[in-house]
Amino acid sequence: MNLHTALNSTPILFGQLAAGASWVSTVVFLILLLGMMWFVMIRPQMKQQKESQTMLSSLKKGDEVVTSGGVLGRIAAVEDKVITLEVGGGTKLRVLKQSIQGKVGTEAATAEVKEKKEVK
């Protein structure tokens, strides 16, 4: 084997190695991309759903809540899927439990807790 044939066969070997390396790097890149998407999009959404379900299951008579339509009221009765809200003047509304957006008085306390965590 002379020097000329050895130099001509070298790019082929490196080309095959590079093609294999690009396939592996592509797979690693896709795995990292999916992992980042899970941490940025899916995980926070699952956490928010869990918090929402916890809040809905902890609702009791006397809590002040806001519905997704913006109606403020105090809970008069809690059933399986329906909540009766007292909105003022003796008016009572029956709404689905899933339409409750959150508790009214706890939003400020939640914001304070988040601020304390950020300070630490």
Side-chain angles (χ1 to χ4, degrees):
M1 182 186 312
N2 60 21
L3 183 61
H4 181 59
T5 56
L7 291 176
N8 285 341
S9 65
T10 304
I12 294 173
L13 293 174
F14 286 127
Q16 291 173 350
L17 181 64
S22 68
W23 177 80
V24 172
S25 65
T26 302
V27 170
V28 169
F29 174 74
L30 288 175
I31 290 171
L32 289 174
L33 184 66
L34 290 173
M36 286 179 58
M37 284 179 58
W38 185 77
F39 273 106
V40 172
M41 297 173 64
I42 298 170
R43 185 172 175 252
Q45 184 180 7
M46 289 173 36
K47 188 175 180 181
Q48 185 179 14
Q49 285 178 346
K50 185 177 179 181
E51 289 174 359
S52 177
Q53 288 297 329
T54 303
M55 186 269 306
L56 289 177
S57 65
S58 70
L59 291 175
K60 60 186 179 297
K61 185 177 178 178
D63 287 345
E64 289 188 23
V65 295
V66 61
T67 66
S68 57
V71 177
L72 296 168
R74 186 179 307 268
I75 296 178
V78 178
E79 298 172 18
D80 278 342
K81 294 183 180 184
V82 178
I83 290 182
T84 305
L85 291 180
E86 190 173 317
V87 292
T91 305
K92 292 186 178 182
L93 298 174
R94 292 184 53 185
V95 297
L96 291 175
K97 196 180 236 187
Q98 295 297 321
S99 69
I100 302 296
Q101 192 72 29
K103 294 182 180 181
V104 175
T106 60
E107 293 171 0
T110 304
E112 289 177 14
V113 170
K114 286 182 181 179
E115 288 177 11
K116 288 181 182 178
K117 286 182 181 179
E118 290 175 1
V119 170
K120 291 181 182 179

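Note that these values count all heavy atoms, side chains included, but never hydrogens, waters or copies made by symmetry. Everything quoted here is computed from the prediction, not taken from an experiment. The first residue of the sequence shown is numbered 1, and numbering continues consecutively from there.
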Colleague: Of all heavy-atom pairs between Ser22 and Ser25, which one has the smallest distance, and what is that distance?
Modeller: O-OG, 2.9 Å
Colleague: Does Val65 share a hydrophobic cluster with Val78, counting links as ILVMFWY side-chain heavy atoms below 4.5 Å and allowing steps through other members?
Modeller: yes
Colleague: For a quick test of your reading: what N or O donor-acceptor pairs under 3.5 Å do the side chains of residues 68-75 make, sequence neighbours left out?
Modeller:
from, atom 1, to, atom 2, distance (Å)
Arg74, NH1, Gly62, O, 3.3
Arg74, NH2, Glu64, OE2, 2.7

Colleague: List in chain and number order the residues that pass side chain to side chain contact (heavy atoms under 4.5 Å, CB included) with Val28, two or more places apart in sequence or in another chain; answer none if no residue qualifies.
Modeller: Val24, Leu32
Colleague: Measuring from atom CD1 of Ile83 to atom CG of Leu56, what distance do you get when rounded to the nearest 0.5 angstrom?
Modeller: 7.0 Å
Colleague: Would Leu34 and Met41 show up in the same hydrophobic cluster when neighbours are defined by side-chain heavy atoms closer than 4.5 Å?
Modeller: no
Colleague: Considering only distance and modelled atom types, tabulate donor-acceptor pairs under 3.5 Å from the side chains of residues 86-98, sequence neighbours left out.
Modeller:
from, atom 1, to, atom 2, distance (Å)
Thr91, OG1, Gly88, O, 3.2

Colleague: Which residue pairs pass the side-chain hydrogen bond (donor to acceptor under 3.5 Å, both in side chains) test when at least one of the two sits in residues 28-57, sequence neighbours left out?
Modeller: none
